[in-house]
**Q** 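After the structure tokens below, expect a handful of questions from me.
The chain is numbered in sequence order, starting from 1. Computation of the quantities below employed the complete heavy-atom set of this structure, encompassing side-chain atoms and omitting hydrogens, waters and symmetry-equivalent molecules.
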Amino acid sequence: MERVALDDRRRRADRARQVADLLRRQIIQGGGFPRGQLPLEAALAREFDTSRNVVREALDLLREEGLVERCPGVGTTVAAEKYPHGLHRLLGLAETLHEHGQVTNQVRTMTLMEPPAPVSARLGLEPGEQVVYLERLRSLNGLPLSLDLTYLVRDVGEPLFDEDLTSNDIFVLLEGIAGRPLGMAELTLEAVNADPHTAAALGTPRGAALLMVERLTYLADGRPVDLEFIRFRGDRLTMRGHLRRTPEEEPAWP
């Protein structure tokens, strides 16, 4: 393959992104920088074998993301912690983040409704069948983290009207109601911009980047019961998982 020469400006910008990616990982993992203080620009330039201008551009990228703050006389410090959300197990938010604090839920809407046709199709319902629709604002240690829109099949969703949804994960409650464990979930992850309603709920600017998770969850017997559309604040959460390269297998269901 023919080599492509880069001009100095593009080369520096590319290198700055590379340095920013490595620093971002150290910040997100936690513990990479004692007391949240990043090394001086000169020290980082030596560590990454690059120029101070490249390091400065990398730090500016992280500042624009809200990960670090840069103050004259103080240096560069970590501005906000990102919490890891694993993708290798089917867990509720409180189960996932229990090591990082308390997850609380504000129920904004909970009602019986006839869902849109695409929702009925995903849940395997007949036209006209009602579902329980639930909208929750979920916070970690008092800070808004996600806005969850959930459609539940009626027989397992309706008993939730009598449950404590403020401090409990729905997954745990569903297993108790159904009398059997959850099995698996289909997951789609993408980036979306915050619409006015979501931005107001999550306390983020309109148009801010969010992590959007669409998740269809099944009971262990293969029945779909829970369709969720979850919008996470991208500046407060990072997705992690473990992938293995194995021969593709056909799922037993659905």
**Q** Taking the side chain as C-beta and beyond, is there a heavy-atom pair between Phe48 and Val54 under 4.5 Å?
**A** no

**Q** Do any pairs count as a salt bridge (charged side-chain N to carboxylate O under 4.0 Å, His left out) and have a residue in residues 167-179, sequence neighbours left out, and if so which ones?
**A** Arg138-Asp169

**Q** Hey, what do you get for OH (Tyr133) to OG1 (Thr109), rounding to the nearest 0.5 Å?
**A** 6.0 Å

**Q** List for me each residue that meets side chain to side chain donor-acceptor pair (under 3.5 Å) alongside Asp195, sequence neighbours excluded, and say none if there are none.
**A** Thr198

**Q** Tell me, please, which residues at least two apart from Arg46 pass salt bridge (Lys or Arg N to Asp or Glu O under 4.0 Å).
**A** none

**Q** Return the set of residues passing salt bridge (Lys or Arg N to Asp or Glu O under 4.0 Å) with Glu158 (not counting sequence neighbours), or none when no residue passes.
**A** Arg154

**Q** What residues, two or more places apart in sequence or in another chain, satisfy salt bridge (Lys or Arg N to Asp or Glu O under 4.0 Å) together with Arg15?
**A** none

**Q** Going by the salt bridge (charged side-chain N to carboxylate O under 4.0 Å, His left out) test, which pairs reach into residues 88-106, not counting sequence neighbours?
**A** none

**Q** Out of curiosity, Leu152 CG to Glu228 CD, how far, rounded to the nearest 0.5 Å?
**A** 7.5 Å

**Q** Using a 6.0 Å cut-off, check whether atom CG of Asp164 has over 12 heavy atoms from anything other than its own residue.
**A** yes

**Q** Only counting residues at least two apart or in another chain, list the ones meeting side chain to side chain donor-acceptor pair (under 3.5 Å) with Arg236.
**A** none

**Q** Around atom CD of Glu163, are there more than 12 heavy atoms from other residues, nucleotides or ligands closer than 6.0 Å?
**A** yes

**Q** Could you pull out all residues at least two apart from Pro116 that satisfy side-chain contact (heavy atoms from CB on, under 4.5 Å)?
**A** Met113, Pro118, Val119, Tyr151

**Q** With sequence neighbours left out, write down each residue that passes side-chain contact (heavy atoms from CB on, under 4.5 Å) with Asp21, or none if nothing qualifies.
**A** Arg24

**Q** Sequence neighbours left out, what passes side-chain contact (heavy atoms from CB on, under 4.5 Å) with Arg56? Give chain and number order.
**A** Glu41, Arg52, Asn53, Asp60, Arg70

**Q** Could you give the distance from CZ (Arg136) to OG (Ser146), rounded to the nearest 0.5 Å?
**A** 7.5 Å

**Q** Could you measure the distance from the CZ atom of Arg180 to the CZ atom of Arg223? Nearest 0.5 Å is fine.
**A** 8.0 Å

**Q** Going by the rule salt bridge (Lys or Arg N to Asp or Glu O under 4.0 Å), which residues pair with Arg233 if we only count those two or more places apart in sequence or in a different chain?
**A** Asp235

**Q** Go through the structure and list residues passing side-chain contact (heavy atoms from CB on, under 4.5 Å) with Arg108, not counting sequence neighbours.
**A** Gln106, Glu135, Leu137, Leu147, His197, Ala201

